[in-house]
Amino acid sequence: MQAPSLGGVTVPRGNGETVVRLRQGASLNDFADKIDANPASLVTVLFHLGEMATATQSLDEATFGVLGEELGYKIEMVSAEEEDRELLGSFDIDLDAELEAESDEDLAPRPPVVTVMGHVDHGKTKLLDAVRSTDVVAGEAGGITQHIGAYQVRTEHEGVDRAITFIDTPGHEAFTAMRARGAQVTDIAILVVAADDGVMPQTIEALNHAQAANVPIVVAVNKVDKEGANPAKIRQQLTEYNLVAEEYGGDTMFVDVSAKQRMGIDDLLSAVLLTADAALDLRANPDKDARGVAVEANLDRGRGAVATVLVQSGTLHVGDAIVAGTAHGRVRAMFDEHGNAVTAAEPARPVQVLGLSSVPSAGDTFLVAPDERTARQIAEKREAAERAALLAKRRKRISLEDFTKALEQGKVETLNLVIKGDVSGAVEALEDSLLKIDVGDEVQLRVIHRGVGAITQNDVNLATVDNAVIIGFNVKFGERVEDLADREGVEVKFYSVIYQAIEDVEAALKGMLKPEYEEVQLGTAEIRQVFRSSKFGNIAGSIIRSGTIRRNSKARVLRNGTVIGDNLTIESLRREKDDVTEVREGFECGIGLGAYNDITEGDIIETFEMREKPRV
Ligand code: GDP
């Protein structure tokens, strides 16, 4: 069906149900292709809907939504994962079908992968150190010497030698970063809570993250060696968050430990294995090409790109052609956490891989491709897709200044904020004051995350997911975070005075409210004498009683206190024989009101303007 649209151009229309699927980062050209339209007419239609874009520019989902609705199409954006699946499909790699085709016999048990999370200073790093030193293999080989971002320890559990893989980056930053990229590597989270301190903001945050990801939690009640340690209190506090200790009839294991004195570590490892065995079916097929996730990567001057990958299924071999995110190559060598060369890595084994063309990001998935050429082609296609999606995102992200505009277009009614500050007192004070800003029910403010310290990648990732603005109070960007914020188009604003932050946010929130105008009087003039001019109509010979009378300002005429003429304009203004633009109080002048001639001696001419009322 063809019908004229906004802007008078003709575009093939859908019936309101017609679905158009577009990939992330698609442009009007792509849309035009799908509906057999002329891209230029889509540019015109969009323009009439209030948005300017070129035919090749990447647009976001909301923009396509508005355009689609106008033209009778339902827009479905293909997610990045789906798109990647299609891309791999074009190389005959179907990861879902592969998993489905696996029968019970193909699957072998694999070790659990654990992430240690919790509040700062509660002992996450110390605990990871303590776990590392309990490793029986490490004991023999002289300990784990290398930091590669993940390590595996072996422990005896119920008479059986078992392995556990630890992600060696404490904190939930790594966890969220990976989740933001769609990768889930963690099977079990160890939540560290210091027994002398109790449940703190990041404790709650960490457990929220774990629960949101459906990851079972084992609680390590740490620092039990300290005076004032109250492990029972921790159990009590956490019941509020649905973590009920087994001894209280719940199903969460709590283990008292001292990371410093390395006490209780074996019990903690047992608790991890018991929880894994009870709650999870951790099996994978080791007999296929490896698939997994990059957990850490860097560029080494001598060795080139070095990536630690965690194999999730299959077995990775030296010589395999791999692609990790947009990096590709052939596995030249692999090392374990002891620095030993390995030739094969099975599920849940972290290994350092040499031989990639570039450095993948933490959280990028990797897979073994049939050959190096395929690996390269997949990487290149992914890079192109990523670039397009990035461009679309860049348009989409919000800044305090565009907030008003976005609101007007009905795209947001909540301003999401991430607040970071140098001390927790300041963060709380700022959050409190911000939440007290009252702008009525039309818009609201939501603080989706707050914390102490520099702006981290995690903050940016959260802001990316929730389209939030980051407020930094007396803090700076962490290392390499500015680049990420830039790339993701996340706005970060820094302040050192609380009220300035409040003012900005308040202005952004209020900006969306429709402006209110008020009348401001500019001046009054009393008519002393009326001159009749055939050319100009009646001219009021007047004296300015107050303020200033300006040419072109709005005016009305009052007689005995009653308005007799409104919606008038000071069309001419003269002093003596000269045209002037304004006349001040006390001076005489001639005023012409255009076609309005109903004036007489003693009338008052009042001038005013409409000013936007500042919101208070
Ligand atoms: P993170 O910020 O959670 O990684 O915490 P750290 O592992 O860096 O530990 C913070 C501080 O607590 C350090 O000074 C540790 O020495 C101390 N600490 C960690 N675990 C224990 C413990 O079990 N007992 C005692 N007494 N101190 C601990």
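All ligand and atom numbering here is 1-based and tracks the order in the structure. For the numbers below, each heavy atom of this structure counts, side chains included, while hydrogens, waters and symmetry mates do not. Computed from a prediction, not measured in an experiment: that's the story for all the values here. Index from 1, following the sequence.
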**Asked** Partners of Phe477 by ring pair (Phe, Tyr, Trp, His ring centres under 6.0 Å), sequence neighbours excluded?
**Response** Phe494
**Request:** Answer yes or no: does an N/O atom from Ala259 fall short of 3.5 Å to an N/O atom of ligand 1?
**Result:** yes
**Request:** Output the list of atoms in ligand 1 that are nearer than 4.0 Å to some heavy atom of Asp121, sorted by atom number.
**Result:** 1 (P), 2 (O), 3 (O), 5 (O), 10 (C), 12 (O)
**Prompt:** Which of the listed options, Lys126, His122, Arg262, holds the heavy atom that is closest to atom 15 (C) of ligand 1?
**Reply:** Lys126
**Prompt:** Nearest non-hydrogen atom to atom 18 (N) of ligand 1 belongs to which of Lys226, Gln261, Lys223?
**Reply:** Lys223
**Request:** Pick, from Thr125, Val120, Val192, the option with the minimum heavy-atom distance to atom 8 (O) of ligand 1.
**Result:** Thr125
**Asked** By ring pair (Phe, Tyr, Trp, His ring centres under 6.0 Å), which residues pair with His157, not counting sequence neighbours?
**Response** none
**Request:** List every atom of ligand 1 that sits less than 4.0 Å from any heavy atom of His119, numbering the atoms from 1 in the order shown and giving each element.
**Result:** 3 (O)
**Fill in**
To atom 5 (O) of ligand 1, the nearest of Gly123, Ala130, Ser258 on a heavy-atom basis is Gly123
**Message:** Looking at Asp251, I'd like to know if its CG atom is crowded, meaning that more than 12 non-hydrogen atoms belonging to other residues, nucleotides or ligands lie closer than 6.0 Å.
**Reply:** no
**Check: Phe473 ring centroid to Tyr495 ring centroid under 6.0 Å** = no
**Message:** Only heavy atoms of Asp225, strictly under 4.0 Å: list the atoms of ligand 1 that pass.
**Reply:** 22 (C), 23 (O), 24 (N), 25 (C), 26 (N)
**Gln352 vs Val306 side-chain heavy atoms within contact, under 4.5 Å** = yes
**Message:** Arg132 vs Asp129, test: salt bridge (Lys or Arg N to Asp or Glu O under 4.0 Å). Steps then yes/no.
**Reply:** CA-CA 5 Å; Arg132 207 182 275 124; Asp129 288 347; 2.7 Å; yes
